[in-house]
Amino acid sequence: MVLLFNLIDGSLLLLHYVLFLLFIGYIGRLASGIARRSLSEWWLVSFLLFTGSVIPAGWILSALYLTGNATAWGFAVFITATVLAYALRTLVRWQDPNPPLRFSVRQLLADRWDLFTDWFRGLTTFPKIVFSAMIGTLTVIAVTNLLLVLFTVPNEWDSMTGHLNRVMQYIQRGTMRHFGGTNWNIDTYPKSVCTIQIYSFLITGRFENAFKLIHHLSYWTAVVAIFGIVQRLAQLRGQAPSLSASIFCAIAYALLPDFLMQAITTETDIVLTAYLSVLLYALFSYRATDGRATEGAGVGVRENRYLWLAAMAFALALGHKITFLLLLPSVFIIMIYTVFWAPSFGIFFGRVLRLGAAILVAVSIWTLPTGYLKNIQVFGHPIGPPTALKHQSVERAGSTKNLIIQGTRNVIRYGYDHINLDGIRNTDLGFKANQVMRMPLVYLEDKLNLRLDEVTDFSIQPFAFDRRFVFYNANPYWGVIGFALIFPLIFLVGLSIVRSIPHLFLGAALLLHFIALSYSAPYDPFKGRYFIETGLFGVTFLSLLFLAPNIRVDVPGRLVGKAYVGGVVLLGCLSALLCVFLNIRALPFAWREFPSAFEADRVRVMTIGRPDIYVPYKRFDDMVPDTATVALGTINDDYEYPLYGPRLQRRLIPINPFERGVQPIPKEASYLFFASSVIKPQPGDIRLGTDTTMTHNVVVPGEDYYLRKLK
């Protein structure tokens, strides 16, 4: 009988893998019938089709209580993908004078490889050295990160308390319906990314690291989008698309520390960045088709396909995370330039009507079902309960006057945070060099009496000129490429020293998002991860090094400029390598007192950000059977995901749901894991041994945990 069950399980696993590979191939084929014959556009359309198919399939399966059924997922995504592709193909051919023809992706890859090799051979000495360093660095990082994705477990704070915890709950319950978890994020956070993580996990045979698939895919999607956006920017400047400009910007973005660090995590901001990047690509592509399409009387027939793709990306982004609202002013600025700027009111009205209608339809599919309406029903607000809002929103500032004052302080604080040798300062020598470099900035702040580090009433964690290692190691900003290249280029465009209309709009979009992040929430040293979206706008300014005649670095002469750019690029490459190889949460090799993520035990890796709870969690893992049912009397900040066990087969039942008080212990539970602050210990309970005296690398102290055997 056991042999029969094993045979059935093996057959199902093979079926699921086959369905997964077929689905990936199917998505690629569908995209080749929608995208233009462009490798970057084919990738971006494939990404939209993949996410846009899996998410609605998740809503349907949740309603049918099939969220935990891998076979149902395997077939459902084909249905939604077929319907979505048919709708897009129909729209693409509607009023389009040049509908795209299906192309061979294999042949396109071969053509692009020949183009790349010809381009590289034709480079002069300086750009060849620069691109060799950048491509070599990215290759090393890409291989290392892929290994870290495949062979190391997730361990980000929000994932351990909320994101992955709720994914497991949805799988165990068979539905994504509201249930009331310990952490407020579990029920209030939009659920669209959960559908993709659940599908990836189940279809790969419950492979835990498949939870990272969508995040790692998002990393490369944003990189590809930057390449495509810069191609369009060259066209909009009246120039031929430049491979040098596009490749330089794409790789530079891939090496920005804050973006790079999320490529191996299950943090949600990198997925939002991917959606935003596709949205920007679609908008700039729409504007760039001016010369290849005509305008009818009152009806725009510029390639409308990009409006449909933009609407889809817009809805996916809004359905993914509410912080997309902070990007709306920036997106609107880009829309003014790419869509609303029209030769007549009739054309303007037609474009707005089509884009607006498309966004409304897309929002009804990919945004509204994700949980905002349920939050209004349960909490009276689309984001969540009042407690969470007061902790992380403008309400914490109090009066409007104080919000303006403290928000302005935050603008300066985040500006200071950007001027750091991120990655490099992970080393002792780099830390000292960073301190010396920033001495004039510290002196200036003191003389201006800005009190950035003294005023804390609009801060989650107080601002510090030398942030704690635990903060800057995991959450850097843009590093040397940001403050030494991107910012100066933005100023040159702003001062009209370098002229570029599209970059003026991109600069305005960047400034609006920077301001939105500063005024919308208290200062938080972990906010580095939010600026990866801002970086999408900023990194495009690097294209001017190959497009703007007065500052180009790929022409003879200009030795000082070349030396400066070359030095910054080399430091940026070093910064990226040190970010990856000295990231204590996912170390490829052991460093200092931190173990290699490949060699350390699962609980050790998962609790690396909360070292004081390692012992009790490890003891729990050793004492409780893999398939046990455990009641959880924990608090909002407690890690719960590691408690599912190495095979993710323990059933966990939270009995202290957020702001609802302790509930009765369910009869089916055989163990009770609890914090002494939630449930009072009684004789016979096992104290698991939290180190309540530890302060080193402890951001939020762990609770005093106990285990009670119920059966």
Heavy atoms only: give me the nearest Ala362-Ala311 pair and the separation to one decimal.
CB-O, 3.5 Å

Output for pair (Leu307 CG, Leu91 CG), nearest 0.5 Å, gives 10.5 Å

Within the 4.5 Å heavy-atom criterion, are Asp258 and Asn475 side-chain neighbours or not?
no

Salt bridge check: are Asp269 and Arg529 linked by an N-O gap of less than 4.0 Å?
yes

Please list, one pair per line, the donor and acceptor atoms closer than 3.5 Å that link side chains of residues 44-53 to other protein atoms, with sequence neighbours excluded.
from	atom 1	to	atom 2	distance (Å)
Ser46	OG	Trp42	O	2.8
Thr51	OG1	Phe47	O	3.0
Thr51	OG1	Leu48	O	3.3
Ser53	OG	Leu49	O	2.4

As an exercise, state the distance from OH of Tyr253 to CD1 of Ile226, rounded to the nearest 0.5 Å.
6.5 Å

Rounded to the nearest 0.5 angstrom, the OH-CG distance for Tyr641 and Leu164 is 5.5 Å

Are Tyr170 and Gln197 close enough that a side-chain donor and a side-chain acceptor fall under 3.5 Å?
no

I'd like to know if the side chain of Gln649 reaches the main chain of Thr627, judged simply by a donor and an acceptor atom lying under 3.5 Å from each other, with no hydrogens or angles considered.
no

Main-chain N/O of Lys191 paired to Thr370 side chain as donor or acceptor, under 3.5 Å:
yes

With rounding to the nearest 0.5 angstrom, report the SG to CZ distance, Cys194 to Phe211.
9.5 Å

Looking only at non-hydrogen atoms, find the nearest pair between Phe598 and Pro588 and report the distance.
CD1-O, 3.5 Å

Option from Ile359, Ile365, Val363 for which side chain to side chain contact (heavy atoms under 4.5 Å, CB included) with Val361 holds:
Ile365

Residue from Asp638, Leu643, Ile655, Ile653 passing side chain to side chain contact (heavy atoms under 4.5 Å, CB included) with Leu632:
Leu643

Under 3.5 Å, which donor-acceptor pairs link side chains of residues 20-29 to any protein atom two or more places apart or in another chain?
from	atom 1	to	atom 2	distance (Å)
Tyr26	OH	Thr82	OG1	2.7

List the atom of Val140, the atom of Thr144, and the distance in Å for their closest heavy-atom pair.
O-OG1, 2.8 Å

Counting heavy atoms not belonging to Tyr17, are there more than 12 under 6.0 Å from its OH?
yes

Might you point out which heavy atoms bring Tyr219 and Ala254 nearest each other, and give the distance in Å?
OH-O, 2.8 Å

Which value, rounded to the nearest 0.5 Å, describes the distance between Thr182 atom OG1 and Asp637 atom CG?
11.5 Å

For residues Ile322 and Pro382, determine if any side-chain heavy atom of one lies less than 4.5 Å from a side-chain heavy atom of the other.
no

Between the side chain of Ser159 and the main-chain N/O of Asn155, is any donor-acceptor distance below 3.5 Å?
no

When you compare the side chain of Met160 with that of Glu640, does any pair of heavy atoms fall below 4.5 Å?
no

Do Phe314 and Phe324 have ring centroids that are under 6.0 Å from one another?
yes

Can the ring centroids of Trp157 and Tyr639 be said to lie less than 6.0 angstrom from one another?
yes

Is a side-chain donor or acceptor of His163 paired with a backbone partner of Thr266 at a separation under 3.5 angstrom?
no

Please determine whether side-chain contact (heavy atoms from CB on, under 4.5 Å) holds for the pair Leu108 and Arg37, giving the CA-CA distance in whole Å, both sets of side-chain angles, and the decisive distance to 0.1 Å.
CA-CA 8 Å; Leu108 182 60; Arg37 195 177 185 277; 3.5 Å; yes

May I ask you to check whether Thr71 and His16 show a side-chain donor-acceptor distance below 3.5 Å?
yes

Between Asp524 and Lys527, does a side-chain contact (heavy atoms from CB on, under 4.5 Å) hold up when you go through it step by step?
CA-CA 5 Å; Asp524 185 354; Lys527 272 280 181 70; 3.7 Å; yes

Is it the case that the ring center of Phe201 lies less than 6.0 angstrom away from the ring center of Phe207?
no

Compute whether any side-chain donor of one residue and acceptor of the other, for Tyr281 and Arg232, lie under 3.5 angstrom apart.
yes

Does a side chain donor of either Thr175 or Thr67 reach within less than 3.5 Å of an acceptor in the other side chain?
no

State, to 0.1 Å, how close Val605 and Arg585 come at their nearest heavy-atom pair, and which atoms those are.
CG1-O, 4.4 Å

Heavy-atom side-chain proximity of Met261 to Val580 below 4.5 angstrom
no

Please check this pair: side chain of Ser218 against backbone of Ile214, looking for a donor-acceptor N/O pair closer than 3.5 Å.
yes

Check: Ile186 and Phe658 side chains under 4.5 Å, non-hydrogen atoms:
no

When rounded to the nearest 0.5 Å, the distance separating OG1 of Thr367 from CG of Leu318 is 4.5 Å

If only atom types and distance count, is the side chain of His216 paired as donor or acceptor with the main-chain N or O of Ala263 below 3.5 Å?
yes

Cationic N near anionic O, under 4.0 Å, Glu599 to Arg604:
no

Can you find a heavy atom in the side chain of Arg651 that is under 4.5 Å from one in the side chain of Val630?
no

Under a 3.5 Å distance rule, please check whether Ser38 uses its side chain to pair with a backbone N or O of Glu41 as donor and acceptor.
yes

Met312 versus Leu84: any side-chain heavy-atom pair under 4.5 Å?
yes

Report the C-alpha distance between Thr195 and Trp73 in whole Å, list the side-chain angles of each, state the deciding distance to 0.1 Å, and finish with yes or no for side-chain contact (heavy atoms from CB on, under 4.5 Å).
CA-CA 10 Å; Thr195 62; Trp73 275 103; 4.0 Å; yes

Between Phe673 and Leu652, is there a side-chain heavy-atom distance shorter than 4.5 Å?
no

Any chance you could lay out the side-chain contact (heavy atoms from CB on, under 4.5 Å) test for Ile198 and Met176, step after step, and finish with the verdict?
CA-CA 11 Å; Ile198 292 170; Met176 292 188 288; 4.3 Å; yes

Under 3.5 Å donor-acceptor, Asn209 side chain and Thr152 backbone:
yes

Assess whether side chain to side chain donor-acceptor pair (under 3.5 Å) is satisfied between Tyr644 and Asp621, documenting all intermediate values.
CA-CA 9 Å; Tyr644 287 97; Asp621 217 35; over 6 Å; no

No-hydrogen, no-angle side-chain donor-acceptor test under 3.5 Å, Thr221 and Trp43
yes

Listed partners of Glu156 passing salt bridge (Lys or Arg N to Asp or Glu O under 4.0 Å), at least two apart:
none

What are the two closest heavy atoms between Ile608 and Pro595, and how far apart are they?
CD1-CD, 4.0 Å

Hey, does the side chain of His320 reach the backbone of Thr268 with a donor-acceptor pair shorter than 3.5 angstrom?
yes

Side chains of Thr534 and His513 only: does a donor on one sit below 3.5 Å from an acceptor on the other?
yes

Say whether, by atom type as modelled, one donor and one acceptor occur between the side chain of Asn375 and the main chain of Thr188 under 3.5 angstrom.
yes

Under 4.0 Å between a side-chain nitrogen and a carboxylate oxygen: does that hold for Glu303 and Arg36?
yes

Answer yes when Arg177 and Asp187 have at least one side-chain N-carboxylate O distance shorter than 4.0 Å, and no when they do not.
no

